[in-house]
Amino acid sequence: MNDYFKGMIEEQFYQQIFDALQDEIMNNYSEYDLTLRARDVIEVLEATLDNIEILRVNNIKQDDEEVSFDILVNCDIEIGDYFAKENISESIRQWFKLSCSAVLDNASLSDFVINDIEAYNK
């Protein structure tokens, strides 16, 4: 069930997930300690999303037609810093957990909403 549901999410909402994460990372990178995985960047002054991979969908709960679930996403992020008038950048990976909801009707999802995004560190 989870693999089938994950496939539906990837097929129908990949771009929406990418866009939401890109917006979150570009506008709120200072809220996340992205230097945890950095080798060269000491202080993140900019961040952009390069790629995402949907790892799994879990915590699926259904109430009539409304379905809520979490999506674990691996993000490739380019972070940047400046030192002595030089740009320093590197690519890191950071997982994010997205809390989502949608309407399930006739084995199809609609009204997909990302309710919350948070860094996932384990």
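In this pair, F112 and F13 present their aromatic rings parallel. The plane angle is below 30°, not in the 30 to 60° band. Between Y32 and F96, the angle of the ring planes goes over 60°, which puts this pair in the perpendicular group of the 30/60° scheme.
Checking side-chain atoms of E90 against main-chain N and O of V41 turns up a donor-acceptor pair under 3.5 Å. With hydrogens and angles ignored, the 3.5 Å screen pairs a side-chain donor or acceptor of D81 with a backbone N or O of I42. One N or O on the side chain of Y14 and one on the backbone of I52 form a donor-acceptor pair closer than 3.5 Å. Without hydrogens or angle criteria, Q62 side chain to D64 main chain gives a donor-acceptor distance under 3.5 Å.
Across all non-hydrogen atoms, the minimal contact from R93 to R37 is O-CD, 2.7 Å. In this structure, Y120 and K97 approach most closely via the heavy-atom pair CB-N, 4.1 Å. Of all heavy-atom pairs between Y29 and V44, the closest is CE1-O, 3.4 Å. Of all heavy-atom pairs between S101 and E66, the closest is CB-OE2, 3.6 Å.
Atom CG of L36 has more than 12 neighbouring heavy atoms from other residues, nucleotides or ligands inside a 6.0 Å radius. In E11, the CD atom is not crowded: 12 or fewer heavy atoms of neighbouring residues, nucleotides or ligands sit closer than 6.0 Å.
Taken from CD in E24 to CD1 in I114, the straight-line distance is 10.0 Å, to the nearest 0.5 Å. A distance of 7.5 Å separates CG in D23 from CG in N28, rounded to the nearest 0.5 Å. Within the model, atoms SG of C75 and CD1 of I25 stand 4.5 Å from one another, a figure rounded to the nearest 0.5 Å. Annotation: the span from N106 atom CG to L109 atom CG amounts to 11.5 Å, rounded to 0.5 Å. Note that the CD atom of E31 and the CD atom of E118 stand 12.0 Å from one another [nearest 0.5 Å]. Here the CG atom belonging to D76 is positioned 10.5 Å from the OG1 atom belonging to T48, to the nearest 0.5 angstrom.
Both V67 and L98 are part of a single hydrophobic cluster, where members link through side-chain heavy atoms under 4.5 Å apart. M26 is not connected to I77 by any chain of hydrophobic side-chain contacts under 4.5 Å among Ile, Leu, Val, Met, Phe, Trp and Tyr, and they are in different clusters. Under the 4.5 Å side-chain heavy-atom criterion for Ile, Leu, Val, Met, Phe, Trp and Tyr, V113 and I117 are members of distinct hydrophobic clusters. Residues L72 and L34 are members of separate hydrophobic clusters, defined by side-chain heavy-atom contacts under 4.5 angstrom among Ile, Leu, Val, Met, Phe, Trp and Tyr. Cluster annotation: I88 and I92 are assigned to the same hydrophobic cluster (Ile/Leu/Val/Met/Phe/Trp/Tyr, side-chain heavy-atom contacts under 4.5 Å, transitive).
When side chains are defined from C-beta on, N58 does not count as touching F69, because their heavy atoms never get closer than 4.5 Å. Contact of the Q94 side chain with the N121 side chain is registered, since non-hydrogen atoms from C-beta on lie closer than 4.5 Å.
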